[in-house]
Amino acid sequence: MNPKYTLSYHILLLLTLLTACNMESDVDVPASKPKLVVSGFISPETDTAFVKVLRSKPLYTVTHYNNYDYTVVTDAEVKINSDGQQVVLNFLPVQQRYYTTELAVIPGRQYFLEITTPSGERVSSNCRVPDQLPPDITNIALETNPFYQEKSIRFTLPDRIGSGDYYRVSAGYVFEPTYEWPAWFNSIGFQSGQEFVSDVQKDGTEFLYKTYGFGSFDNPPINIYVSLTDDHYFKYHQSVNSFQDDNPFAEPTPVYSNIEGGLGVFAALRTVVTSVDVNKFNQ
Amino acid sequence: MHLYSPAAIKQAGQSFHTEPEPLRMKHLFLSLLMIGLMQTITAQNKFTISGYVREKGSRELLPGVNIYFPVQKTGTTTNNYGFYSITLPAGKYELQYSFVGYITELRQLNLESDQVIDIELASSITLKEVVVAGEKLERATESAQMSLVALPVSQVKNIPALLGEKDVFKALQLMPGVQKGSEGSSGLYVRGGGPDQNLIILDDAPVYNAYHLFGFFSVFNGDALKSVELTKGGFPARFGGRLSSVVEMTMKDGNKEKFSGEGGIGLLSSRLTFEGPVVKNKSSFLISGRRTYADALVRPFLSSDEKFGYYFYDLNAKINYDFGPNNRLYLSGYFGRDKFYMKSEYDGQGYDEGGLYWQNKTATLRWNHLFNNKVFSNTSFIFSEYDLNIYSKYKNEYENYSLDYQSGIRDFGLKHDLEYHVSPAYTLRAGLQTTHHYFRPSAIVEIDEGAQYDFNSKVSYESFESGIYAENHFNFKGRAQLNAGLRFSHFIAGEKPYFNIEPRLSANYILLPGLSAKAAFAWMSQYIHLLSSTGIGLPTDLWVPSTDRVAPQKSIQASAGLAKELSEGKVLLTLEGYYKQSSDILGYKPGASFLLLDDPSDAQNFTWQDNVTAGNGSSYGIELLLHKKTGKTSGWIGYTLSWTQLQFDEINFGKKFWARYDRRHDIALVVIHELSERLTLSGTWVYGTGNAVTLPLGSFPAIPHNQFEGFENAAFPYFYYADLSDYGPVNDFRMKAYHRLDLALQVHKKFSKHERTWEFGLYNAYSRHNPFFYYIQNEYFNNDTYITKLKQVSIFPIVPSVTYSLKF
C-alpha cells in the first residue's frame, strides 16, 4: 500500500472506533417514478437533428441484476417548433433515437421541443441557436519533442469581446476510409487548455491549447473542432464531467438539465472544423 | 468585613438632584457624541463612584455585576475586568450590587466627593444561602444589549454531558438561535450562519479551530473559565470580523487569597486546576490541564513493533499582577493539541509511520489602566496560531519516503479599548484593533529517495485586518437606553484593499416596570473564510483570506423583541425576532472537496479560489427563552422557529435552496434541581427538525453530444453513458427529526478541607436512534434482484457515564 494511503486507512479506523457502537436503520424515502431523459442537439452546420429519449431508473425499487441498460423510449411523439414551423421527428431503430432532416436550423432563432408518450408523460424544453460561428483559431503551430519522438499542435482560440460565449474544443486524427475500413476518428486530448470553456469573467481572453503528443511519422490530418454553444450545452456537459458519486465529503454534483418535467438537455451549437495537415508542417 | 476602600469614605450631607439632564436625539452619531461631551462639561457638582467588584474568598474580578440605584432607577454594570464607574450629583444614595449566583450587597452613602468602593460578593452556591429576596438579579430589561446569552459556568457544570465531559459549546447549543450541526458535534450554527461565521475569543485572542476529537468536543475547559457570553445579534461596535456571532470567553484570574484547586476523572479525560496567590492580594496564577488517556489504556494490548493511538490535551495558564489601583497586568495562554499516530516496525528492516496532529496556541498580554475614576482602558497584545500537520514516513531496504503537509494560520494583534463613564446618561467606548494574519493553506515537503523525487511547495498569504470603533451608550432617565456605534474596518491581502463602514445600533425602551421592548441593527463584514469539507469542524478545514477574487462576506441583521422579568426578576422571558441578509458568503462548487487526508500531496494542485463561489443567504426566525438562573430549581426553556435559505448562481442552477442546517423547530428544555444539599438532579431534552440533505432519487445515463457526428466509430468521450444520479433539488430532503433526553445525578459531599462530587450520567436516556449520516446500500435477493435502500447511521445509543470531581 502506498504509505500516503495508510494514513487515511488509520484515520478511518479511528473514526470507526469512535463510532463503534453505531446503529443502522432503514429510512423511508418518497416513491419516485421514472423520468424521461432527453438528449437533443441542433446546429445549422448539420443537416440532421437527433433527439434521444430514455427513461431514468428510480432508486429504492426492486431491480434485476442484469438490468444495466436504460429503457429507450421508442413510441414517443417528438416535435420541434420554431417560428410557426413544426417538425415531427421519426424514430430510427438502428440508432435508437429520433431524427429529422427537415428542420431548418437558423442562427438566432429559438426552438421549442415537446415530447409526449402514450402513457401520458410530457416534457418540454427550448434553446436558442447562437448567432455567430465561433471565432477562427489562430497561431496554429506544430511542436516537436525530439526526445520522445512526438509532435503536438498548439493553437489559440481568441474570444470575442462582449459576446458572453461558451465553447467546446476538441481534436483528433481522421483516417480516410479504405475499402476495408470506414472513416475513422481518434480523439486526442489536450495537455493544456480545457475542452469546455466559458468567457464568464474572462471576456476577450485568448484560450491557449496544446494537444497531447502523437507519433512523428506519416500523420493523418488532425481535425480541430471548435463549437460555440448555448449555456445549456455548456452547463450540462460541465456538470456531467464533474459528476462524482463516490466522495462522501464532496458536495453532491447535480447534473444540469433544461428539460421541464424530465432530465437531460436540449441545446444548440455552431461548429467550425479546422483540418491541419501535420505532414505539411514537416516540410 | 472590608466594605469600602478606607480612603474613599467621606461623610457629608448635601441635597442633590437625582435626574440627569434630559437628552434629545438629533443627528444620530455626532449629535449624541456632542451631547455626551456636553454632559462632562456641565457635570461640575457631580461625583464619581468607581471601583472593582470581586468574588469573596478568591478575589476573582467579576464582570457583568449590576450596580443599581433603586430610588433613582439608574445604574451600571462592571466591565469585563470587574471595573465600574458612575457619576452622580452629590447626595444620599442607596445602591445594590447584584450578580447571578452571588448574594446581593446593599450600601448607603452620602456622596459629596469622588468615591472608590471596591466590593466583594459572596457566592450563594458555596454558602448555600438564599439570595436576598426581592432583589432583581437580572437587569436585562434595562440594557440596550439584546441577543446576548450569558451562561454561568457553574450552570454549565450541572448540565448533563456526553461521557460526562462538560462543554460550554454544547451548553450554548441549548440556547434559542444556536443550533448544533450533526450528532455529537460542538459546532455552533447561530441564526442560520455557519461555524466559520463565529468569532471565538479567549481572553481577547481568536481561537481558529475550537474542537478536539474531530469536532466532538470544544477545546475550552470549563474549570479555567470565568465567563462565557455569546452575542448572536445587535453586535456592539467593539466586535467585528465575523457575520453571525461572538463567543467571548474569559479565563479565571486565579485565587488571590489562598491556594485552591479542582480536578476530575472521567471516562474520556481527566482534568486538574490549581490556582493561588503569587503575592497575596497582589498577584495570582491559574493553571489548568486536561488530557485523554485512551492511548495509554490501549498501549499494553499492542505488540512491541506496532503503535497507534489518539489523544488530546489542553492547558490553560494565567498570571496577573496588581500594580496598585490604576494598573493591572494579565498574561494568559492556551495550548491544546490533538494527535493521532501510528507506527509499524518490520523486524529492524524498516518502518512505516504516519499521523496527524493539530494544535491551537493563544497568548494574551493585557494591561488595564485607570486614567482616572471615569476612564478605563485595556491594551492587549494578542498571539494566536492554529496548525495542522499530516506526516507519513516509509523506510525499508529499497525505499525511503517521507511526506510532511502543514496548514494553518498565525495572528499577531494589538487591541486598545477605552471606556469613558461620563455620566449615568452617557458612556463612551472607543478603540482600535489591528491584526497581522499569516495564512498557510498548504506547505508540503515530499521526498522519495528511491525515485529521486524531492518536492517542496508552499502557498501562503499575509494580510492586515484593522478596525476602529466608537460606541455611545445613552441612558434616557432610566426609561430608555441606546447604544449607537460605528466601526470602520479595513483589510488588505495582496493588491486589493477592502474598506467597510459598519453602523451598529441597539435600543431599549421600558414599557412597564420589568417589561421592555428592544430593537437592534448591525452591519457586519468578514474578511477571512473557512474552507470546510464537511462543516463538522475537521482539523483539515482551512482558513483563507479575502483576495482580489474572493470578496469579504457581509451581512445586515435587524432584530426586535420583548424582555419581561418574572418572579421579581429571578426569571427572564425574552421573545426576539430577527432577519439577516448575507451577501458574498462562500459556497463550494459542485464536486469541490477540500479534504486532503487521502493524499495530502494533492495540495500542490489545490486551487481553493477555483473551487469556491459567492452567493447570498437569508435567515429569519423567532426565538423564545424562559430562563431561571438561580434557586433550587433552575434552567431554561428555549424555542426557535427559523428559516435559512441560500442562493448561489453556480449551485442548484441559481435557484434558492434550504441551508443544510435550516431548522424549522428547535426546542431545548434544561432543568437543574437541587434535591437536597447532597443531591443535584439535572436533565435536558432537545428536539430539532432534521437537517436538509440532497438525496439521489434515481439514476440516468449521461448522453453527451457527439461533436464528431459522421464518423461511425465516433470516439465518444469517456463519460458517454456514465451513470448519473438524479438528485432532485439541493437539500430538498429532510433527515429524521432529532430528539434526545440526557440525565445526570450529582452526589456532593463536603469534607473539612475539600468537597467531592460523583456524577452519574445518561446520554440519550431513551436511546433514540438519531441520524448521524445517511448512505445508500443495495440489498440482494435470491431471485437475481436487488433493492437500493437509504440507510441511517446513528452513533450514540444510550451512553452511561460516571465522573469523579474534587474541589479543594
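Just so it is clear: chains get the letters A, B, ... in the order the sequence lines come, proteins before strands, and each one is counted from 1. Predicted model, so just to flag it, every value in this text is computed and none were measured. Just the heavy atoms: all of them, side chains too, but no hydrogens, waters or symmetry mates, feed the values below.
Heavy atoms from other residues, nucleotides or ligands lying under 6.0 Å from NZ of B:Lys395 number 12 at most. For CD of A:Glu260, the number of neighbouring non-hydrogen atoms (other residues, nucleotides, ligands) closer than 6.0 Å is 12 at most. Annotation: B:Tyr774, atom OH; neighbour count of heavy atoms from other residues, nucleotides and ligands within 6.0 Å is above 12. Other residues, nucleotides and ligands place no more than 12 heavy atoms under 6.0 Å from the CD atom of A:Gln194.
Between B:Lys736 and A:Ser25 the shortest heavy-atom distance is NZ-OG, 4.5 Å. Across all non-hydrogen atoms, the minimal contact from A:Tyr70 to B:Ser699 is OH-OG, 3.1 Å. Looking at every heavy atom in both residues, B:Gln707 comes nearest to A:Arg168 through NE2-O, 3.3 Å. A:Asp28 approaches B:Phe733 most closely through the heavy-atom pair O-CZ, 3.8 Å. Closest non-hydrogen pair, B:Leu695 versus A:Tyr60, comes out as CG-OH, 3.7 Å. Residues A:Ser32 and B:Leu697 come closest through the heavy atom pair OG-O, 3.2 Å.
Heavy-atom pairs under 4.5 Å with chain B peak, among A:Thr48, A:Val37, A:Thr229, A:Leu263, at A:Leu263. When each of A:Thr61, A:Val29, A:Val273 is checked for heavy-atom pairs under 4.5 Å with chain B, A:Thr61 comes out on top. Of the listed residues (A:Val38, A:Val62, A:Leu269), the one with the most heavy-atom contacts under 4.5 Å to chain B is A:Val62.
Contacts between A:Ser257 and chain B at a heavy-atom distance below 4.5 Å involve the backbone alone (N, CA, C, O). Proximity to chain B (any heavy atom under 4.5 Å) is shown, for A:Tyr256, by both the backbone and the side chain.
Using cut-offs of 30° and 60° on the angle between ring planes, the pair B:His705 and A:Tyr233 is perpendicular.
Here the rule is salt bridge (charged side-chain N to carboxylate O under 4.0 Å, His left out) with B:Asp726, and of A:Lys33, A:Lys35, A:Arg55, A:Lys57 only A:Lys35 fits it.
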How far apart are the C-alpha atoms of B:Lys791 and A:Val27, what are their side-chain angles, what is the distance that settles it, and do they pass the side chain to side chain contact (heavy atoms under 4.5 Å, CB included) test?
CA-CA 6 Å; B:Lys791 293 277 187 180; A:Val27 181; over 6 Å; no
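In this structure, A:Tyr236 contributes its side chain and B:Ile703 its backbone to a donor-acceptor pair below 3.5 Å.
In this structure, the side chains of B:Asn706 and A:Phe50 stay at 4.5 Å or more apart for every pair of heavy atoms.
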